[in-house]
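Both counts, for ligands and for their atoms, begin at 1 and track the order of listing. Heads up: numbering here begins at 1 and tracks the sequence.
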Amino acid sequence: MNANRERQSIRKKVGRLAPIFQKYGRNLETLESILKWKSMVLILGNFSSGKSTLINELLGGNIQRTGQSPTDDAFTLITAAENNGEPGVVPGSTLVADENLPFTGFKEYGENFISHFRMQTVNHPGLKDLAIIDTPGMLDAVTEKDRGYDYDKVIGELARMADLVLLMFDPHKAGTIREVYNIIRNTLPENAGEDRVVFVMSRIDECDNLGDLVRSYGTLCWNLSQMTGRKDIPRIFLTYAPGVSNDGDERLREWLQEREELKQRILAAPDLRFSHMLQHIDKQVGDLAMMVEAAETFSARAGSLLARTMRVTAILAATGFLFGDLLIKAIIGWPAAPLLPALFRGAADGKTLILPILIAAAPFVLSIFWFRRYGFEALRKKTITDPDDMVRTDTPFRRHQWQRLRGDTIKLISQLAPTTVFSPHTRAREKLLRFIERELQPYYHNHAGRG
Ligand SMILES: Nc1nc2c(ncn2[C@@H]2O[C@H](COP(=O)(O)OP(=O)(O)OP(=O)(O)O)[C@@H](O)[C@H]2O)c(=O)[nH]1
Ligand SMILES: [Mg+2]
């Protein structure tokens, strides 16, 4: 199957899950947005770490402005013009309004963001299926607040859509990278591994000597392992920009190979797209399945509360049915012919039954009122204050997933109506799991080795 047809078919299958997403108040738009446009590479890093320089070098032109102090405070998408049109700049206001682009959701970041967002089109064959995102250099945490929009949210959202995220450090400032890494880690699917994040130490030509370089590299590794919580160190590309650096030192040239490899990784990002799309869908559907599992547990508890209530009610109703009218007669002398004596006399008729039926109905009416008004709400309150036993958390993967979804799940539970007891949650969850296991798997299979 070719990539386009494959994409169409998966989109159709995902579309069939839309009613379930809607029912549980989850947004399927985010899932659609990733299927919408071309592959993206997000380049993040400290200011002056050489992001724009790398992009210029890659595209062989002076596309992005570069400079020693914080130079650029904009998010720029750099990509090929549609239909070989003239290169130019498209402002953020147009980008967030264009339904064919995946940025309509970015309107919510406000005017301050939109005025710092743009697309620069260029003529470059490598950018037909690829957009590179140059980003404002990271400053320290205090000044981050002054940007006038939620920088963390923006990069989290861009990282979610990107097939490759470059984190560039220069040897002198590796500190601010930690927050960024955490944002990215929380937005990417857990099973995405580290294949989507590439660490780059740039400007290594500025190290005075080999000892200096090793020290910087060591510091970075330490920071990284603190961030990732893992002992194994991810690959870190050590690079410098040959065009602007002082590469008089012969020994530096060895690292040019790394620079080339890095550039190849960027240009090859579109190959990763399909498997990332699968991971993304997998994550969304898997998340929903976990939330539905919680709804299922809650509904089952509410169901058993209702069943217990009804058992008591039934006993009350039966007693009321048989003896209620006798009791009333003992008190007010009416009705003349209560049910039981009439039965013994063989004189019971329709009229004798009316009052017992009314008496029997009363407990049911009261119980249902009680359940809806008090019983269900009390159970809900109890569940929400201690929600952690609603889903299976038997693996580290599921524990982490639950931590991520806990808040949303509480919100979901607080919106469920008492009729949730009769809702087919189990069927919905099974459908989601079947989708992951049967419908998504073959695509993974087709793509093993391609990305
Ligand atoms: N010596 C040396 N200088 C570099 C290297 N890469 C970039 N530079 C210089 O460092 C300065 C900053 O580079 P930019 O590419 O503008 O950095 P940036 O990350 O885009 O910075 P902001 O846009 O401000 O966040 C420029 O003056 C570049 O010429 C390198 O590998 N070695
Ligand atoms: Mg720049």
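- Between Glu296 and Thr426, the side chains place a donor N or O and an acceptor N or O closer than 3.5 Å (distance only, hydrogens not considered).
- By the 3.5 Å distance cut-off applied to N or O atoms, Pro136 is not counted among the residues near ligand 1.
- For the residue pair Ile78 and Gln64, the shortest heavy atom distance occurs at CD1-CG, 3.7 Å.
- Backbone and side-chain nitrogen or oxygen atoms of Ser202 are examined, and none is located within less than 3.5 angstrom of a nitrogen or oxygen of ligand 1.
- Polar contact check, Gly50 against ligand 1: a nitrogen or oxygen pair lies under 3.5 Å apart.
- The shortest heavy-atom distance from Ser49 to ligand 1 is under 4.0 Å.
- Set against the non-hydrogen atoms of Tyr240, the atoms of ligand 1 under 4.0 Å away are 31 (O).
- With salt bridges taken as basic N to acidic carboxylate O contacts below 4.0 Å, none links Arg147 and Asp73.
- A salt bridge is defined here as a Lys NZ or Arg NE, NH1 or NH2 lying under 4.0 Å from an Asp or Glu carboxylate O, and Glu57 with Arg259 meets this definition.
- Distance check for Ser52 against the Mg ion (ligand 2): an N/O/S atom falls below 2.8 Å.
- The parts of Thr53 lying near ligand 1 are both backbone and side chain, judged by heavy-atom distances below 4.0 Å.
- A side-chain donor-acceptor contact under 3.5 Å links Thr420 and Ser299.
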Derivation and outcome, ring pair (Phe, Tyr, Trp, His ring centres under 6.0 Å), residues Phe376 and Phe298:
CA-CA 10 Å; Phe376 183 80; Phe298 174 65; 5.4 Å; yes
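- Under 4.0 Å from ligand 1, the heavy atoms of Glu206 that appear belong solely to its side chain.
- In this structure, Phe117 has its ring center under 6.0 Å from that of Phe103.
- Between Thr66 and ligand 1, no N or O atom pair is found at a separation short of 3.5 Å.
- The shell of residues lying under 4.0 angstrom from ligand 1, judged by heavy atoms, includes Asn46.
- Geometrically, ligand 1 and Ser52 share a nitrogen or oxygen pair separated by less than 3.5 Å.
- Ligand 1 has an N or O atom lying under 3.5 Å from an N or O atom of Gly137, backbone or side chain.
- Of the candidates Asp134, Ile132, Asp163, Ile133, Leu42 forms a side chain to side chain contact (heavy atoms under 4.5 Å, CB included) with just one, namely Ile133.
- In the candidate list Arg203, Arg65, Lys51, Arg259, Arg203 is nearest to atom 5 (C) of ligand 1, counting heavy atoms.
- With ring centers used as reference points, Tyr24 lies under 6.0 Å from His425.
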